[in-house]
Amino acid sequence: DWSSEPYHLPPFRLIEPSHFRPAFDVAMERHMSDLKSIVESNDDDDDSPPTFESVIAAHDRAGSLLSKISSVFGNYCSSLNTDEMKAVQSEMSPVLSRHGSAAVTLPGLFERIDAVYRNRNDSGLDDEQIRLVERVHLDFTRQGADFTDERKEEYAEIEAELAALQTSFMQNVMTDEETWCMTLGEEDLVGCPDSLIEASKSAAEDRRKKKTTTTGEEEEEEEEEGEEDAAYVITLSRSLVEPFLTFSSRRDLRETAWEAWTKRGELHPERDNLAIAAKILKLRKRQANLHGCDTFSEYQCRDTMAGTPENVMELLEDVWVRAKEAADREREALEKFVEESGEELEGGIRPWDWRYYAERVRVARYSFDESALKPYLSLDAVSNAVMSVSNKLFGLTYVKRDDVEGYHPDVNVYEVTEKSAEDGGPDKLRAVFLTDNYARPYKSSGAWMSEFRSQTRNLPDGADGMESIPVVVNNNNFAKAADSTLLSFDDAKTLFHECGHGHHGMLSDATYSRLSSTSVLRDFVELPSQLLERWFDADAPEVLKEHARHYETNEPVPDELLAKLKNARSFNQGFDTIEYTACALLDMAIHSLDAYGDDGDDFDISAFEERELERLGMPQGIVMRHRPAHFAHLFASQYYASCYYVYLWAEVLDADAFGAFEEAPGGIFDPEVASMARRYIYGAGNTEAPDELFRKFRGRDPDVRFMLEKKGLA
């Protein structure tokens with residue numbers, strides 16, 4: 001019972017890793033009890049068919065304690081994954097998987113769900129209720145509820161093995177990121193801006209602090225020589241590696257950093273993620289076969305807007321051809337710059353050179369220096385900007401609650417309110433919003449949104465209304481500075497992106513938890529996030545003009561600098577698009593194979609990667625943004641497996657959707673368009689099919705032209 005905690009938040013100060021196993025044991029038992037009650041319910045008449053309320057709505061409420069504990073567990077595994085937590089995660093992953101399988105195959109449960117499904121159009125249900133029936137039925141069939149008993153048992157074994165393998169994959173990546181670093185002296189940071197030097201110094205201090213609180217034979221064995229006394233380090237945090245590759249004048253050090261960055265998941269022979277990924281692929285293939293599909297990509301795409309792998313490939317290949325042409329032009333510009341500057345690069349432009357010379361060409365061609373913009377993009381300024389945009393678009397107000405404790409000292413807690421629908425009424429609590437913005441040991445890399453509680457109106461009788469209020473958390477991995485943390489423009493866009501996901505949770509307006517928040521089709525889930533990015537863009541500069549202020553003087557960003565940012569915007573889009581699209585193409589290709597050898601262990605993923613990139617004609621000097629051994633989207637869970645394309649699919653949607661604001665009389669804060677965006681993009685969740693939601697917002701199907709123009713690929 002967390003009702004004594006503010007907003008019924010988890011009692012973070014009391015939670016220990018050892019608490020999870022006994023808590024899960026109780027929660028799983030209660031969940032099964034809830035489900036058995038559904039099976040045993042007879043409504044008012046033994047001969048009456050099962051009803052929506054007694055089966056589907058009850059199923060939506062079932063396992064509330066398990067949901068609460070699972071949300072805390074998942075967040076801790078991502079944000080506080082200490083050695084003790086990793087041990088619990090490894091123990092619990094197959095246990096939770098087997099529980100999930102048992103819940104789906106509980107005798108009599110699917111039969112009752114199926115009965116409601118078959119009568120759904122003749123039971124007086126509204127559209128949202130019919131949608132819930134259809135989604136729950138599909139959930140069960142996609143998890144094998146209609147299989148024979150023998151196949152159900154095999155499917156449960158596959159799911160449990162996948163859960164264990166995917167956990168190991170992610171933990172191996174995290175260990176590589178935690179243990180590797182490159183120690184530097186001040187003389188090694190030639191060309192690096194002050195903000196990167198300060199972040200590198202802070203990272204060195206953080207690693208020294210970690211050494212005083214933890215010891216481990218493996219960490220000591222892998223420790224870089226002189227690390228203990230190093231004044232500066234570059235770790236495998238993206239917020240350190242990418243700026244170093246962009247600004248460091250030391251080609252040898254750029255190569256060292258790049259090699260480690262691109263080989264995460266295979267830096268140590270005891271952490272062989274390629275072997276794990278091969279086993280995962282074989283198991284997924286068997287899953288697909290059990291569902292009557294030839295390949296895993298066919299199985300995954302069945303429940304997407306795209307529908308088929310062929311539709312996905314049509315979009316990816318169209319963009320790939322255009323991006324290759326742009327990337328080739330960009331490489332020629334880099335090579336010309338190197339030649340004209342009198343430099344000689346052995347081997348030409350290599351992957352560890354591209355960002356460095358692209359930045360120099362950007363400065364020379366557009367007089368735009370990324371480091372000149374950074375002082376105007378403090379974390380505080382960008383956070384204020386996104387909250388201001390949220391207020392102008394959706395009427396949300398954020399109040400920081402310093403008296404409410406998060407799960408880590410870096411976490412900030414905000415109360416999010418909106419005006420009451422009644423004139424003069426008190427403000428209405430809309431959500432609780434947590435931000436966890438800094439990189440640190442035991443935290444996964446990247447950026448993500450998750451929830452401690454999802455929005456719902458389907459509460460048990462007598463439940464406190466606070467349980468319907470969403471609790472949303474945004475995680476980033478910015479390099480923390482001793483004074484003011486300054487963001488790159490890409491980092492600032494990432495903060496807006498994750499807040500877009502956050503709004504998908506906070507503005508959710510569904511009756512049932514299964515249809516709320518981000519529980520949508522995979523190629524729709526990135527639309528709310530990528531759409532919000534557009535308010536922090538040189539093409540819509542009013543937010544930048546208002547909120548991008550120098551962290552020391554509070555002076556607004558100069559118009560001249562914004563003009564240069566806009567002019568330079570399309571440069572290196574070929575590189576960025578190739579980096580991403582190569583990943584999406586390889587994802588589809590590797591999950592579209594109909595065999596992985598007699599044993600998954602004998603499938604050579606590195607050889608497949610090399611062959612596939614050669615077939616695609618990968619431009620020289622560029623590699624995939626995520627290589628297989630650390631491609632967590634693919635191998636740390638199944639959510640994005642064979643679905644990494646969704647970012648590009650959603651980019652088609654977000655570019656077109658933002659066009660509605662640009663065309664509106666009130667501009668990018670037009671209240672009528674904002675209201676429609678809230679209703680159909682941020683609030684509807686999965687209450688309607690996503691293609692129908694987009695048509696209701698835009699009045700037509702999406703047009704790819706907006707995305708191509710945005711990328712400069714039209």
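- Checked for salt-bridge contact, Lys443 and Asp436 meet the test: a charged N lies under 4.0 Å from a carboxylate O.
- With salt bridges taken as basic N to acidic carboxylate O contacts below 4.0 Å, none links Glu266 and Arg271.
- Between Leu189 and Leu196, the closest side-chain pair of non-hydrogen atoms is not below 4.5 Å.
- Judged by distance alone, with hydrogens and angles left aside, the side-chain atoms of Glu451 form no donor-acceptor pair with the main-chain N or O of Pro470 at under 3.5 Å.
- Salt bridge annotation for Arg549-Glu555: absent, with no cationic side-chain nitrogen under 4.0 angstrom from a carboxylate oxygen.
- The structure places OH of Tyr376 at 6.0 Å from OG1 of Thr553, a figure rounded to the nearest 0.5 Å.
- Annotation: side chain to side chain donor-acceptor pair (under 3.5 Å) contacts of Asp483 (sequence neighbours excluded): none.
- Counting heavy atoms from C-beta on, the side chains of Leu377 and Leu486 never come closer than 4.5 Å.
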Going through the checks in order, is the side chain to side chain donor-acceptor pair (under 3.5 Å) test met by Glu498 and Asn476? CA-CA 8 Å; Glu498 296 308 329; Asn476 289 291; over 6 Å; no
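- With hydrogens and angles left out, the side-chain atoms of Tyr398 and Ser390 include a donor and acceptor closer than 3.5 Å.
- With no hydrogens or angles considered, a side-chain donor-acceptor pair links His626 and Tyr644 at under 3.5 Å.
- Put simply, the side chain of Lys545 reaches to within 4.5 Å of the side chain of Asp559, judged on heavy atoms.
- The number of heavy-atom neighbours closer than 6.0 Å to CG of Asn391, taken from other residues, nucleotides and ligands shown, is above 12.
- You'll find the side chain of Leu487 stays beyond 4.5 Å of the side chain of Lys374, heavy atoms only.
- Taking 4.0 Å as the cut-off between side-chain N and carboxylate O, Asp206 and Arg208 do not count as a salt-bridged pair.
- Using modelled atom types, one finds a donor on one side chain and an acceptor on the other under 3.5 Å when comparing Ser450 with Asn75.
- Salt-bridge check for Lys566 with Asp537: failed, with every basic side-chain N at 4.0 Å or more from each acidic carboxylate O.
- Val361 approaches Phe571 most closely through the heavy-atom pair CG1-CZ, 3.6 Å.
- In this structure, Ser637 contributes its side chain and His633 its backbone to no donor-acceptor pair below 3.5 Å.
- Between atom OG of residue Ser444 and atom CG of residue Asn475 there is a gap of 8.5 Å, rounded to the nearest 0.5 Å.
- Proximity of the aromatic rings of Phe169 and Phe635 is defined here by a centroid distance below 6.0 angstrom, and this criterion is met.
- A donor-acceptor pair is defined here as one N or O able to donate and one able to accept, closer than 3.5 Å; such a pair exists between the side chain of Asp176 and the backbone of Gly265.
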Worked check of side chain to side chain donor-acceptor pair (under 3.5 Å) between Asp491 and Ser239: CA-CA 8 Å; Asp491 281 344; Ser239 59; 5.7 Å; no
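- Using a 4.5 Å heavy-atom cutoff, the side chains of Thr82 and Tyr76 are not in contact.
- Between the side chain of Asp353 and the backbone N or O of Arg350 there is at least one donor-acceptor pair closer than 3.5 Å.
- Between the side chains of Thr518 and His501, no donor-acceptor pair is found at a separation under 3.5 Å.
- Two residues are said to be in side-chain contact when any heavy atoms from C-beta on lie closer than 4.5 Å; Leu267 and Leu236 meet this criterion.
- The CG atom of Leu565 lies 4.5 Å from the CZ atom of Phe368; values are rounded to the nearest 0.5 Å.
- Summarising the local packing, CD of Glu339 is surrounded by 12 or fewer heavy atoms from other residues, nucleotides or ligands at distances under 6.0 Å.
- Side-chain contact between Val416 and Val472: absent, with no pair of heavy atoms (C-beta onward) separated by less than 4.5 Å.
- Remark: Lys710 engages Glu651 in a salt bridge, criterion side-chain N to carboxylate O under 4.0 Å.
- With respect to Glu177 and Arg264, a salt bridge is recorded, a charged nitrogen being found less than 4.0 Å from a carboxylate O.
- Under the 4.0 Å criterion applied to side-chain N and carboxylate O atoms, Glu198 and Lys480 are not assigned as salt-bridge partners.
- We find that Glu325 and Arg322 are not joined by a salt bridge, their nearest charged nitrogen and carboxylate oxygen being 4.0 Å or further apart.
- In this structure, Leu532 and Gly500 approach most closely via the heavy-atom pair CD2-N, 3.5 Å.
- Using a cutoff of 4.0 Å between basic side-chain nitrogens and carboxylate oxygens, Glu186 and Lys201 are not scored as salt-bridged.
- The ring-ring contact (aromatic ring centres under 6.0 Å, His included) pairs that include a residue from residues 335-357 are Trp258-Trp352, Trp354-Phe575, where partners are two or more places apart or lie in different chains.
- The main-chain N or O of Asn384 is never found under 3.5 Å from a side-chain atom of Ser388 such that the two would form a donor-acceptor pair.
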Side chain to side chain contact (heavy atoms under 4.5 Å, CB included) between Met624 and Glu579, worked out: CA-CA 5 Å; Met624 296 194 304; Glu579 253 200 334; over 6 Å; no
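- Seen from the ring of Tyr366, Lys564 does not count as a face-on cation partner, given the 6.0 Å and 45° thresholds.
- From Cys77, atom SG reaches atom CE of Met174 across 8.5 Å, with rounding to the nearest 0.5 Å.
- Taking the six-membered ring for Trp, Tyr647 and Tyr640 have ring centres closer than 6.0 Å.
- At a threshold of 4.0 Å, the pair Arg360-Glu343 counts as salt-bridged, since one of the basic side-chain nitrogens sits closer than that to a carboxylate oxygen.
- In terms of modelled atom types and a separation under 3.5 Å, the side chain of Arg430 and the main chain of Glu415 share no donor-acceptor contact.
- A salt bridge does not link Lys336 to Glu332: none of the charged side-chain nitrogens sits closer than 4.0 Å to a carboxylate oxygen.
- Side chain of Glu359 to main chain of Thr246: no donor-acceptor pair is present (N/O by atom type, distance under 3.5 Å, no hydrogens or angles).
- Tyr414 has its side chain out of reach of Val432: every pair of non-hydrogen atoms, C-beta onward, lies at least 4.5 Å apart.
- Ring geometry for Trp535 against Phe669 counts as tilted: the plane angle lies between 30° and 60°, on a 0 to 90° scale.
- Taking a cutoff of 4.0 Å between a charged side-chain nitrogen and a carboxylate oxygen, Asp328 and Arg331 qualify as a salt bridge.
- Judged purely by distance below 3.5 Å, without hydrogens or angles, the side chains of Ser371 and Asp369 pair a donor atom with an acceptor atom.
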Begin from the C-alpha positions of Asp587 and Tyr645 and carry the test side chain to side chain contact (heavy atoms under 4.5 Å, CB included) through to its verdict. CA-CA 8 Å; Asp587 172 31; Tyr645 76 90; 5.7 Å; no
Decide side chain to side chain contact (heavy atoms under 4.5 Å, CB included) for Ser79 and Tyr442; before the verdict, give the C-alpha distance in whole Å, the side-chain angles of both, and the deciding distance to 0.1 Å. CA-CA 7 Å; Ser79 302; Tyr442 308 121; over 6 Å; no
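- Formation of a donor-acceptor pair under 3.5 Å by the Tyr407 side chain with backbone atoms of Val72 is not found in this model.
- A side-chain donor-acceptor contact under 3.5 Å links Arg207 to the backbone of Glu178.
- Scanning both residues, Ala327 and Ile578, for their nearest heavy atoms gives CB-CG1, 4.0 Å.
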Working note: Tyr438 + Phe478, criterion ring-ring contact (aromatic ring centres under 6.0 Å, His included); need CA distance, chi angles, decisive distance, verdict. CA-CA 5 Å; Tyr438 299 117; Phe478 305 138; 7.6 Å; no
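- Around atom NZ of Lys392, more than 12 heavy atoms belonging to other residues, nucleotides or ligands sit under 6.0 Å away.
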